[in-house]
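What follows is one structure encoded as structure tokens, with my remarks underneath.
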Amino acid sequence: MTRVSLSRLPGERVLAVDGGSERDMAMADLAAYVEAREADAGETRWAWDDTARWYPPLLAAGVRVERCHDLRLGHHLLRRAPAVDQQLLEGEQSEHWDRLGPSAPSAPTLFSIDDTAEHLRADLEDARQLAAVAASPEAPRLGLLLAAESSGALVAAEMTHAGVPWRVDVHERLLRDLLGPRPPRGARPQRLEALVAEVREAFEAPGLNPDSRPELLAALRRAGLEVADTRASSLRVLDHPGIEPLLRYKQLAHLFSTNGWVWIDQWVSDGRFRPSYQPAGSTTGRWSSNGGGALSFPAQVRPAAVADEGWVFVVADVAQLEPRVLAGMSGDRALAQAARGADLYQGMVDAGAVASRMDAKLGLLGAMYGATSGESGRMVAGLTRRYPLAFGLVEEAARAGERGQIVRTLLGRGSPSLGDAWDRDPDDPPGDPDAQARYRRAYGRFTRNFVVQGTGAEWALCWIADLRNRLWRLGSSGPLDARPHLVFFLHDEVVVHTPVRLASAVTAAVTEAAATAGGLLFRDLAIDFPLNISTVRSYADAGKPGAPESAGDGGPRA
DNA sequence: GAAAAAGGCGCC
DNA sequence: AGGGCGCCTTTTTC
């Protein structure tokens, strides 16, 4: 494996450092240089400051990169990793790496807005990170985590580049059916306007703006309805003729503002929905999204995600990812046994641990989220005796958090400190013992969930990293644009866009990648990660039993 | 008048 | 007194 670090130099130039040799080239020659090295051996690992800055222009030039080391992600991760000697990360320019945030998705990628990032020496930081990992007692796990994180960054850039196939005509028909024709800028669609009229009439409140909470609350109270807030769940239980149109209004208004015509204009181009992903954007290591709303891909508009002609989606999600991860990381063989099979909760019932599936779910979710009362809290107590290792692990993580200690994921990602979380709530001074105790308990719930959610994110990273490699090999005989590729990923779910003839091979690849991820994380303790997999023409049809590729997309096709 | 906060909803 | 996010609108704050 050859490591080549790439640094940006002033004046549109790039410095490539390969072992002892340095090469200074024009930015315009970069794609050809990278392509040549990739074609040559495929044994190069590129080390660069930020995949989101380097990779999109390479992809645009038709260059695919096999593997990389994302120094920004690596630095951020190692800085918070308890098993890393922090002194090894310090040195020339290290404070710049400390300050490096994610690059803006819309920023021009070839021209930096951040001057300091322009002069960062990637080779210096790369050497520090390698030394820091090598010196750690957890070097193998940290190495795996950095590799997975960097692969994830490649996946993110590739998914934005490829985009989710999007039928604007299907989406617009859906909007028209529900809302009416597209209204002029600033106006409500016909159907919404009609519902507003209904609501105003029912509450005898002419001029009421249902989007205004104070106005709406006042109108509800005038009608004799005692309600503390205007949430749909609070309104649903009320008995008044105005409630039904109001709920309908809220639902459609949300569709209109969040995934309406404006959203199409902004996020769909050339028949592709291109959200922006931010790997490790959440402190637990989960991805976040800073454009397009990839984290809430509403079911309402999924019918518009339709595979190209002759192509299909293979959609896969993991059943009960986090409980399975908890079984693996705690080494709880009883819970691992319950996880053998498609339904972990049913496995717990079959083992006689709980009376019903619902109890099993309540207990496990309560343990992972920190429920203290109610049905969920009671189930936790009973299940702790049955699964002491698994429940003990999250309990210990919560105690550590309450003591103000850092916790870590299986591969070594550290949680943010209690102090770092303070600044979210600056008017909550440490002086008030009551407030402080509340805050510590809240932090304990966070650390409790952190270890499971974070390790779940690590499993998912390993999954998509391995899947990416498998998909590439699957399509190696065909031309670039005929290869199966990932188009969407969200925590425990993937969508692969593939030519029909490769769909069954993709299904196998997704399954094998899940097994690989489990093996990487949990080694000897075998944990099952069963997938729900559908092959569909439209994303909306995924997960429906007995909805094969023949299921329609609603579109007019021959 | 712009920025920040808050309420609400969507996803896992 | 259940974790993590983003985004939209209105309201509040500076």
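Note that these values count all heavy atoms, side chains included, but never hydrogens, waters or copies made by symmetry. No experiment lies behind these values; they were computed from the predicted model shown.
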**Message:** Any carboxylate oxygen within less than 4.0 angstrom of a Lys/Arg side-chain nitrogen, looking at Glu158(A) and Arg468(A)?
**Reply:** yes
**Request:** State whether Arg445(A) places a side-chain N or O below 4.0 Å from either non-bridging phosphate oxygen (OP1 or OP2) of dG3(C).
**Result:** yes
**Asked** With distance as the sole criterion, is a donor-acceptor pair present between the side chains of Asn290(A) and Gln278(A) under 3.5 Å?
**Response** yes
**Asked** Thr283(A) side chain N/O closer than 4.0 Å to the phosphate oxygens (OP1, OP2) of dC5(C)?
**Response** yes
**Item:** Touch class at under 4.0 angstrom, heavy-atom based, for Arg286(A) against every strand present
**Value:** base
**Asked** Taking protein heavy atoms under 4.0 Å as touching, what does nucleotides 8-14 of chain C look like 5' to 3' if B marks base contact, S marks sugar-phosphate-only contact and - marks none?
**Response** SSBS---
**Below 4.0 Å: OP1/OP2 of dG8(B) and any side-chain N or O of Thr230(A)** = yes
**Request:** Describe the nucleic acid contact of Ala294(A) in one word from base, sugar-phosphate, nothing, applying a heavy-atom distance below 4.0 Å.
**Result:** nothing
**Complete:** So, with a heavy-atom separation below 4.0 Å from DNA chain B, the residues of residues 148-163 of chain A are none
**Prompt:** What nucleic acid atoms does Ser376(A) come within less than 4.0 Å of, heavy atoms only: base, sugar-phosphate, or nothing?
**Reply:** nothing
**Request:** Using a strict 4.0 Å threshold on nitrogen-to-oxygen distance, state whether Asp211(A) and Arg188(A) make a salt bridge.
**Result:** yes
**Prompt:** So what does Gly292(A) touch, heavy atoms closer than 4.0 Å: a base, only the sugar-phosphate, or nothing?
**Reply:** sugar-phosphate
**Fill in**
Those residues at least two apart in sequence (or on a different chain) that pass ring-ring contact (aromatic ring centres under 6.0 Å, His included) with Phe488(A) are Phe297(A)
